[in-house]
Amino acid sequence: MHDRSIAFVTMDDLEGYVTDDHLAVPELDRLGWAVESVSWRAPRVRWERFAGVVIRSPWDYQHAVGPFIAALESIDASGARLANPLLLVRWNIRKSYLVDLAARGCPLPDTVISGALDDDELASFVRDCGRVGAVVKPMVGGGGVGIFHVRPDDAVSAAAPLAALGGREVLLQRFLPAILSEGEHSLVFLNGAFSHAVRKVAAAGEFRVQEERGATILSETPSADLIETAAAVLARLDAPPLYARVDLVRDEGWPTLMELELIEPSLYLRTDPGAPARFAAAIDAWARA
């Protein structure tokens, strides 16, 4: 029998990371919920006593994917409700989900999966992308770690990051120049409804838009085409998420999917005064359902 508690799944040490999940805690308290932050690595947790377990900031999971999934399976088996659902987490943890979404009609840059990328395959894909070049992403990862941009005349600089991949499976994508001029639009949805959005602008000399890499995060009111595109992506999922962040970049003006974050995305609650209360209300409705 669970009590009136919600668990926020996190990691052992958040030093060096930017998180604002705490902003939702007083809002949940007003709705009658106590919140506990629990590391996914913590042993012997009685997950069944929580009315809901919400994955929030386990940002070290990419270094231990197997144990992380095993921890979530333990939560799921306890009878506690898990958000997002394990079905979505398993699917979303590998970037091959993007190819799956493209097959379902979602707009995506030219994208291929490589089982063990080598110089020749990379050079061929970069040539096919033209002057904009390509981006290489580890199949499992986060925080921009291991991601690099290769231009057609820049193969030498790709040697070191390519070697660092160590033959791991990767995703190759055509680079979208709008990431440098306009930035990336991140739209947050809670219980299927659009909540708020930010525009992420990379630091000088960077193309990755994580805060930890110096990006500027700007609150924005997104245009209708961005909201419509993001909602259409979510409509193609096999299960409804409690929370989702849809990251879009324009490709010659058209909104194009970069990432669909369903596991532990930053929700940028601090950028919209009403966002913490909306997140709390979404959790309350989900936990009561």
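By convention here, the first residue in the shown sequence is residue 1. What you see is a predicted model, and the numbers here were worked out from it, not measured in a lab.
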- From OG1 (T271) to CG (L269), nearest 0.5 Å: 7.5 Å
- Message: Hydrogens and angles aside, do S195 and R278 bring a side-chain donor and acceptor to less than 3.5 Å of each other?
- Response: yes
- Query: Taking it one step at a time, do W254 and D225 satisfy side-chain hydrogen bond (donor to acceptor under 3.5 Å, both in side chains)?
  - Reply: CA-CA 8 Å; W254 298 98; D225 62 340; over 6 Å; no
- Test S186 against every option in R199, K200, H196 by the side chain to side chain donor-acceptor pair (under 3.5 Å) rule and name the one that passes. K200
- Expected output: side-chain R245 to main-chain S266 donor-acceptor under 3.5 Å: yes
- Message: I need the minimum non-hydrogen distance between L190 and V188, along with the two atoms involved.
- Response: CD2-CG1, 4.1 Å
- Note on the structure: Closest non-hydrogen contact found for V249 with A178 is CG1-CB, 4.0 Å
- Can any side-chain N or O of Y97 pair as donor or acceptor with the backbone N or O of L88 at less than 3.5 Å? no
- Item | Shortest non-hydrogen contact from L260 toward A244 | CD1-CB, 4.5 Å
- Query: Judged by atom type as modelled, is there a donor-acceptor pair below 3.5 Å linking the side chain of T111 to the main-chain atoms of P109?
  - Reply: yes
- Can you find a heavy atom in the side chain of R168 that is under 4.5 Å from one in the side chain of P138? yes
- Any chance you could lay out the salt bridge (Lys or Arg N to Asp or Glu O under 4.0 Å) test for E73 and R90, step after step, and finish with the verdict? CA-CA 10 Å; E73 288 172 343; R90 285 197 181 110; 2.8 Å; yes
- Evaluate the salt bridge (Lys or Arg N to Asp or Glu O under 4.0 Å) criterion for residues D128 and R174: first the C-alpha distance (whole Å), next the side-chain angles of each, then the deciding distance (0.1 Å), finally the verdict. CA-CA 9 Å; D128 290 344; R174 178 169 53 86; over 6 Å; no
- Message: Test: ring-ring contact (aromatic ring centres under 6.0 Å, His included). Region: residues 59-78. Which pairs qualify, not counting sequence neighbours?
- Response: Y17-W59, W40-F68, Y61-F68
- Determine whether I263 and N84 make a side-chain contact, defined as any pair of heavy atoms from C-beta on separated by less than 4.5 Å. no
- Going by heavy atoms in the side chains, are E211 and I217 under 4.5 Å from each other? yes
- Item | Pair Q173-K95, side chain to side chain contact (heavy atoms under 4.5 Å, CB included): steps then yes or no | CA-CA 11 Å; Q173 288 189 311; K95 294 190 190 300; over 6 Å; no
- Item | Close side-chain approach of F50 and I6, heavy atoms under 4.5 Å | no
- Query: Among side-chain atoms of W91 and D238, is any donor-acceptor pair under 3.5 angstrom?
  - Reply: no
- Message: When you group the ILVMFWY residues by side-chain heavy-atom contacts below 4.5 Å and let the links chain together, are L101 and L108 in the same group?
- Response: yes
- Same apolar cluster (I L V M F W Y, side chains within < 4.5 Å links), L226/L267: no
- Item | S96/M139 under side chain to side chain contact (heavy atoms under 4.5 Å, CB included): CA gap, chis, key distance, verdict | CA-CA 7 Å; S96 53; M139 187 60 70; 4.0 Å; yes
- Qualifying residues under side chain to side chain donor-acceptor pair (under 3.5 Å), relative to E261, sequence neighbours excluded: none
- Message: Evaluate V132 against L176 for side chain to side chain contact (heavy atoms under 4.5 Å, CB included), listing each step before the verdict.
- Response: CA-CA 7 Å; V132 298; L176 299 185; over 6 Å; no
- Item | Test item: V209 and V201 side chains (from C-beta on) under 4.5 Å apart, heavy atoms | no
- Item | Between OG on residue S223 and CD on residue E228, distance to nearest 0.5 Å | 8.5 Å
- Approximate separation, where rounding is to 0.5 Å, of I55 CD1 and L242 CG: 10.0 Å
- Smallest heavy-atom separation, G141 atom then Q62 atom, equals CA-CB, 3.9 Å
- Task: Kindly indicate, with the supporting measurements, whether the criterion side chain to side chain contact (heavy atoms under 4.5 Å, CB included) is fulfilled by R131 and F175.
- Result: CA-CA 9 Å; R131 61 183 179 82; F175 182 72; over 6 Å; no
- Query: Roughly how far apart are L117 CG and F125 CZ, rounded to 0.5 Å?
  - Reply: 10.0 Å
- Query: Less than 4.5 Å apart, any side-chain heavy atom of D60 and any of R41?
  - Reply: yes
- Query: Is the side chain of R104 donor-acceptor paired with the backbone N or O of R236 at a distance under 3.5 Å, no angle test?
  - Reply: yes
- Would you kindly say whether T10 and S57 are connected by a side-chain donor-acceptor distance under 3.5 Å? yes
- Task: Return the minimal non-hydrogen interatomic distance between P58 and R56, and the atom names on each side.
- Result: CD-C, 3.4 Å
- Query: So how far is it from E220 CD to D272 CG, rounded to the nearest 0.5 Å?
  - Reply: 12.0 Å
- Are M258 and I113 co-members of a hydrophobic cluster defined by side-chain heavy atoms under 4.5 Å apart? no
- Message: Any side-chain to backbone donor/acceptor pair from E206 onto R208? Under 3.5 Å, distance only.
- Response: yes
- Message: So, taking the atom named CG in D29 and the one named CZ in R4, what distance separates them when rounded to the nearest 0.5 Å?
- Response: 10.5 Å
- Task: Give a yes or no on whether a salt bridge exists between E36 and R49, defined as a side-chain N under 4.0 angstrom from a carboxylate O.
- Result: yes
- Message: Apply side-chain hydrogen bond (donor to acceptor under 3.5 Å, both in side chains) to residues N191 and W286 and explain how you reach the verdict.
- Response: CA-CA 8 Å; N191 269 350; W286 165 75; over 6 Å; no
- Task: State plainly whether the residues E259 and K137 are in salt-bridge range, i.e. N to O under 4.0 Å.
- Result: yes
- Query: Is there a chain of hydrophobic side chains (I, L, V, M, F, W, Y, each step under 4.5 Å between heavy atoms) that links I69 to W47?
  - Reply: yes
- F8 side chain reached by I283 side chain, heavy atoms, under 4.5 Å: yes
- Task: Grab the two heavy atoms, one from P255 and one from P107, that are nearest each other, plus how far apart they are.
- Result: O-CG, 3.5 Å
- Considering only heavy atoms from C-beta outward, does the side chain of V54 approach that of V9 to under 4.5 Å? no
- Transitively linked via ILVMFWY side-chain contacts under 4.5 Å: V89 with V53? yes
